[in-house]
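Structure first, then comments.
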Amino acid sequence: MSDLTDQKAVSLAAIDGAETLDALEAERVAALGKKGWVSLALKTLGGMSPEERSAAAPAIQAVRAEVADAISAKKDALEASVLEAQLASETIDLTLPAPDQQVGSVHPVSQVMDELAEIFADLGFAVATGPEIEDDWHNFTALNMDESHPARAMHDTFYFPDAAPDGGQMLLRTHTSPVQIRSMKEQGAPIRIIAPGRVYRSDSDATHTPMFHQVEGLVIDRDIHLGHLKWTLETFFKAFFEREDIELRLRPSYFPFTEPSVEFDVGYANEGDRRVVGGHGDDDGHDWMELGGSGMVNPRVLEFAGLDPAEWQGFAFGLGIDRIAMLKYGMNDLRAFFDGDPRWLAHYGFSPFDQPTLSAGVGARP
Ligand code: PHE
């Protein structure tokens, strides 16, 4: 029995002196492990008579409990000091700059579409959409271009081999004007919408890409005239280019779906190699630049779309989004818009946190 008392004293001293969790674990194995001295002492009970065993067992169990308690107390103490050491060494300086985060940017075309929607929303226009894969009825026929119309050939259309549900041809829409038809058919009159989106023509050089962006505008009501069109476009361009001296020129033109038709030009000046919008196009150092087509909706188009031309009339316009983006933000090659080069985007892109609002400026740089 005194053997056990000695071993206990040695073991408790070693447990108390353990400086690491590993050293403590070694002591635990030496005492309570399968071949530890406590376990061996417990095993000796097996060879005793019942009387001897009930005399010896309480002392051995007491030693075992004392050693186990000592180990667990020491373990708590060691763990606490490890945590304290960690807290002391791993300080974080909250005043240091945060590591660089990669932040994506908004493509100028998306930014301009947001700006458009924002400005036109203030003028009471809703945003409408239509499919990019169209049928020739919506893209041409209902816009007063029947199969033999020469304007169809001028559109450089991408056609699909499969037929449309009505037997006509499927195609990539060549302009946003089919959304006029869809809006009139779906919602009836009165209407005040813009329809921004992608359009496709088989054409490619520095100022033309096979895919580009337009925004369509359509207002249908009872007493709409060309004066409303001019005011709307002028008001839009003043807000969009953020200057008051915008001059618009309406020039007689022809589109099958408007009558009369006008193209609209904006006055600009060359400053270095940059075109800056503003001023009268006939002034010194100024010229006119065409921005889009428009006119009063042709009564035949109203009929195709199910509206009574005796009751309703309105104006429509179509405008190149990429072109006004280039003008506003000073880019000169349209093809770079769609190359997907992240360096170009880093240069011209917009912060995702820069939401256009009329009060804070629609195109303010962060
Ligand atoms: N859809 C015409 C085009 O792409 C533009 C336009 C729209 C003209 C609406 C008149 C009215 O050229």
Side-chain angles (χ1 to χ4, degrees), residues 113 116 120 125 127-132 134-146 149-158 171-184 191-203 207-221 224-234 236-237 248-266 289-305 307 309 312-324 334:
M113 290 214 218
L116 280 166
F120 276 107
F125 286 66
V127 172
T129 54
E132 290 168 30
E134 249 314 351
D135 54 64
D136 67 344
W137 190 83
H138 286 93
N139 197 81
F140 291 127
T141 311
L143 289 162
N144 197 29
M145 286 181 269
D146 66 27
H149 203 289
R152 281 203 183 200
M154 285 166 53
H155 273 219
D156 299 312
T157 312
F158 289 109
L171 46 82
L172 289 175
R173 69 177 180 189
T174 57
H175 50 178
T176 42
S177 300
V179 185
Q180 287 187 36
I181 306 298
R182 290 182 177 276
S183 301
M184 288 188 265
I191 294 181
R192 231 190 274 182
I193 53 124
I194 57 162
R198 296 190 188 96
V199 301
Y200 303 82
R201 291 186 201 181
S202 124
D203 202 352
T207 54
H208 297 90
T209 48
M211 185 279 298
F212 57 105
H213 299 82
Q214 286 189 335
V215 59
E216 195 80 8
L218 176 68
V219 172
I220 302 285
D221 213 320
I224 298 296
H225 54 70
L226 271 186
H228 295 125
L229 167 69
K230 186 165 195 233
W231 181 87
T232 303
L233 288 174
E234 238 164 36
F236 163 69
F237 284 123
L248 267 199
R249 179 177 75 175
L250 300 190
R251 217 168 3 89
S253 183
Y254 171 75
F255 299 100
F257 35 94
T258 45
E259 184 58 38
S261 299
V262 286
E263 278 171 303
F264 47 95
D265 306 334
V266 69
M289 185 183 347
E290 185 203 323
L291 289 185
S294 60
M296 298 303 294
V297 177
N298 191 317
R300 297 204 47 175
V301 172
L302 295 173
E303 274 171 8
F304 271 118
L307 296 182
W312 302 104
Q313 58 183 346
F315 67 75
F317 63 85
L319 169 65
I321 293 181
D322 314 291
R323 173 169 284 195
I324 59 170
L334 179 59

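Note that ligands are numbered from 1 as they come in the structure, with each ligand's atoms numbered from 1 the same way.
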Are Arg201 and ligand 1 in contact, using a heavy-atom cut-off of under 4.0 Å?
yes
Under 4.0 Å to a heavy atom of Gln214 - the qualifying atoms of ligand 1, by number:
3 (C), 4 (O)
Taking CZ in Arg300 as the centre, count heavy atoms belonging to other residues, nucleotides or ligands within less than 6.0 Å. Is the count above 12?
no
Interfacing atoms of ligand 1 (cut-off 4.0 Å, heavy-atom, Thr258):
10 (C), 11 (C)
So if I count the atoms of ligand 1 from 1 in the order they appear, which ones are less than 4.0 Å from some heavy atom of Gln180?
9 (C)
Nearest protein heavy atom with distance in Å, relative to atom 9 (C) of ligand 1:
Glu216 OE2, 3.3 Å
Determine whether more than 12 heavy atoms belonging to other residues, nucleotides or ligands lie under 6.0 Å from atom CZ of Arg251.
yes
Presence of salt bridge, Arg201 and Asp156, under 4.0 angstrom
no
Out of Gly293, Gly320, Ala316, the nearest non-hydrogen contact to atom 6 (C) of ligand 1 is supplied by Gly293
I need the atoms of ligand 1 closer than 4.0 Å to a non-hydrogen atom of Ser294, numbered in the order shown.
8 (C), 10 (C), 11 (C)
Counting N and O atoms only, with roles assigned by atom type, does the side chain of Thr174 sit under 3.5 Å from a partner on the main chain of Thr157, one being a donor and the other an acceptor?
no
What protein heavy atom is closest to atom 2 (C) of ligand 1, reported as residue, atom name and distance in Å?
Phe257 CZ, 3.7 Å
State plainly whether the residues Arg323 and Glu290 are in salt-bridge range, i.e. N to O under 4.0 Å.
no
Has Asp135 got a side-chain atom pairing as donor or acceptor with His138's backbone, closer than 3.5 angstrom?
yes
Taking the side chain from Gln214 and the backbone from Thr176, do they hold a donor-acceptor pair closer than 3.5 Å?
yes
Identity and separation of the nearest protein heavy atom to atom 5 (C) of ligand 1
Gly318 CA, 4.1 Å
Could you tell me whether Ser177 approaches ligand 1 through its side chain, its backbone, both or neither, with non-hydrogen atoms closer than 4.0 Å?
side chain
